[in-house]
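Comments concern the structure below.
Counting convention: from 1, in listed order, for ligands and their atoms alike.
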Amino acid sequence: MNTIFAHRGLPKITPENTLASFVKCGEIDSLNWIEIDIAITADEELIIIHDDFLDRTTNTTGEVSKSYYEDIKNASAGLWFGEQYNKETVPTFKQLIDIVNKYDLNVNIELKGVTGNNSVNQSKKLIQLLKENLGLLNDNIKVLISSFNFTLLKLAQESLPEVERAVLFEEHAFYPDWQSIVDYLGSKTIHIEDKGLTKEKVNHIITQGYTLNVWTVNDKERANELFNWGVNGIFTDIANELLHLSSEETVQ
Ligand code: G3P
Ligand code: CA
């Protein structure tokens with residue numbers, strides 16, 4: 001199956017990681033998977049945001065893991081993108097779950113690393129809250145947890161062994177010991193950066209029995225090439241433009 005993951009929603013036409021973006025995904029019939037970034041605040045709220053800091057995608061500032069949701073909840077997460085999105089706020093994971101359930105969207109939850117000197121406790125709390133919230137999902141929703149952070153993936157394995165996990169790699173960090181890391185984390189799925197990815201490397205990973213998804217692919221020809229090489233899925237900022245590739249058949 002060629003899976004198209006809508007990376008942070010549809011960030012070319014809506015502000016990334018907002019409910020407006022995920023609703024837009026839900027309104028597209030053949031769009032089945034979204035990717036979200038999840039983080040924990042100082043007062044233990046799970047929120048959907050990519051960066052460690054609020055500065056780029058909201059009209060407030062500060063480090064997410066040291067900020068209080070009370071101080072974040074009224075900030076605009078859409079104004080930076082366009083005046084018409086002024087009312088978009090930073091979504092909580094619970095708000096996201098309502099959208100996912102309503103539109104039958106499968107979800108790849110990327111766990112963002114927890115920063116600061118309370119990171120171990122906050123990481124444990126993040127996983128505990130994640131587990132509680134996943135219980136609110138409809139039974140038909142598929143979930144894939146992923147992270148660059150091996151501690152979070154290990155904690156997820158211990159608390160949520162039944163949920164599939166993927167290990168994220170940047171190209172420069174994909175060392176020859178990748179397989180022992182992935183096996184240690186009990187995963188069969190790899191999310192690798194597209195930059196520098198070769199047919200030989202794809203073939204090597206797949207023939208070892210791992211599922212491979214590639215990020216972030218915004219070029220149609222490259223997406224088609226990767227599917228022809230046998231990758232399972234791609235993360236893209238233009239999922240709405242690449243859905244024709246989400247089938248068994250790709251152009252040779
Ligand atoms: O999960 C794939 C991709 O989202 C990882 O990179 O920085 O876009 O979260 P980033
Ligand atoms: Ca991500």
Side-chain angles (χ1 to χ4, degrees), residues 2-19 21-22 25 31-40 46-58 63-65 77 80-81 90-91 93 96 99-100 105-115 123 126 130 142-153 156 163-174 178 181-182 185 187-197 201-202 205 210-219 222-223 226-227 231-240 242 245-246:
N2 299 338
T3 306
I4 303 289
F5 294 90
H7 182 240
R8 310 181 199 174
L10 291 169
K12 295 285 191 197
I13 55 174
T14 49
E16 67 180 56
N17 279 326
T18 60
L19 296 183
S21 204
F22 299 126
C25 292
L31 198 160
N32 301 318
W33 277 92
I34 57 170
E35 186 258 8
I36 67 165
D37 301 293
I38 201 168
I40 187 167
L46 292 187
I47 60 171
I48 314 298
I49 191 163
H50 176 271
D51 298 359
D52 291 339
F53 287 80
L54 296 155
D55 305 34
R56 180 179 64 87
T57 57
T58 78
E63 197 168 347
V64 173
S65 57
W80 69 279
F81 190 86
V90 177
F93 189 46
L96 186 274
I99 301 295
V100 160
L105 288 165
N106 302 313
V107 58
N108 170 212
I109 302 166
E110 184 189 340
L111 310 177
K112 284 299 179 191
V114 180
T115 52
S123 296
L126 187 155
L130 177 67
K142 293 183 198 141
V143 175
L144 173 60
I145 291 171
S146 64
S147 190
F148 288 106
N149 184 302
F150 299 157
T151 303
L152 283 167
L153 284 172
V163 181
E164 188 182 347
R165 277 158 281 105
V167 187
L168 271 156
F169 288 97
E170 291 178 305
E171 162 65 18
H172 69 84
F174 194 72
W178 66 270
I181 293 169
V182 176
L185 295 169
S187 174
K188 293 302 287 180
T189 305
I190 291 166
H191 290 180
I192 198 167
E193 185 180 15
D194 182 38
K195 190 177 68 181
L197 186 63
K201 194 175 279 185
V202 167
I205 296 167
Y210 298 87
T211 299
L212 184 60
N213 298 316
V214 182
W215 53 276
T216 299
V217 184
N218 292 332
D219 179 84
R222 176 62 170 170
L226 289 167
F227 283 128
V231 310
N232 173 80
I234 59 156
F235 297 87
T236 179
D237 297 328
I238 52 167
N240 51 324
L242 298 186
L245 296 173
S246 63

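Closest to atom 3 (C) of ligand 1, if we only count protein heavy atoms, is His7 NE2, 3.5 Å. Nearest protein heavy-atom neighbour of atom 7 (O) of ligand 1: His50 NE2, 2.7 Å.
Between Trp215 and Glu35, every side-chain heavy-atom pair lies at or beyond the 4.5 Å cut-off. Contact check for Ile49 versus Asn17: no side-chain heavy atoms found under the 4.5 Å cut-off. Contact of the Val217 side chain with the Leu226 side chain is registered, since non-hydrogen atoms from C-beta on lie closer than 4.5 Å.
For an aromatic pair to be called close, the ring centres must be under 6.0 Å apart, and Trp33 with Phe22 fails this.
For a threshold of 3.5 Å applied to N or O pairs, the pair formed by Lys112 and ligand 1 contains at least one separation below that value.
Contact atoms of ligand 1 toward Asp37: 9 (O) (distance under 4.0 Å to a heavy atom of the residue). Every atom of ligand 1 is numbered from 1 in the order shown, and the set under 4.0 Å from a heavy atom of Glu35 is 1 (O), 2 (C), 3 (C), 4 (O). Counting atoms of ligand 1 from 1 in the listed order, those under 4.0 Å from a heavy atom of Arg8 are 7 (O), 8 (O), 10 (P). Near Glu110, with a cut-off below 4.0 Å to any heavy atom, the atoms of ligand 1 are 1 (O), 3 (C), 4 (O), 5 (C), 9 (O).
Between Asp37 atom OD1 and Glu35 atom OE2, the angle centred on the Ca ion (ligand 2) amounts to 110° (nearest 10°).
The residue from Val167, Leu144, Leu212 that alone fulfils the side-chain contact (heavy atoms from CB on, under 4.5 Å) condition with His191 is Leu144.
By the 4.0 Å N-to-carboxylate-O rule, Arg8 lies too far from Glu110 to be salt-bridged with it.
The atom name of the N/O/S atom in Glu110 closest to the Ca ion (ligand 2) is OE1.
By the 30° and 60° cut-offs, the orientation of the rings of Trp178 relative to Tyr210 is perpendicular.
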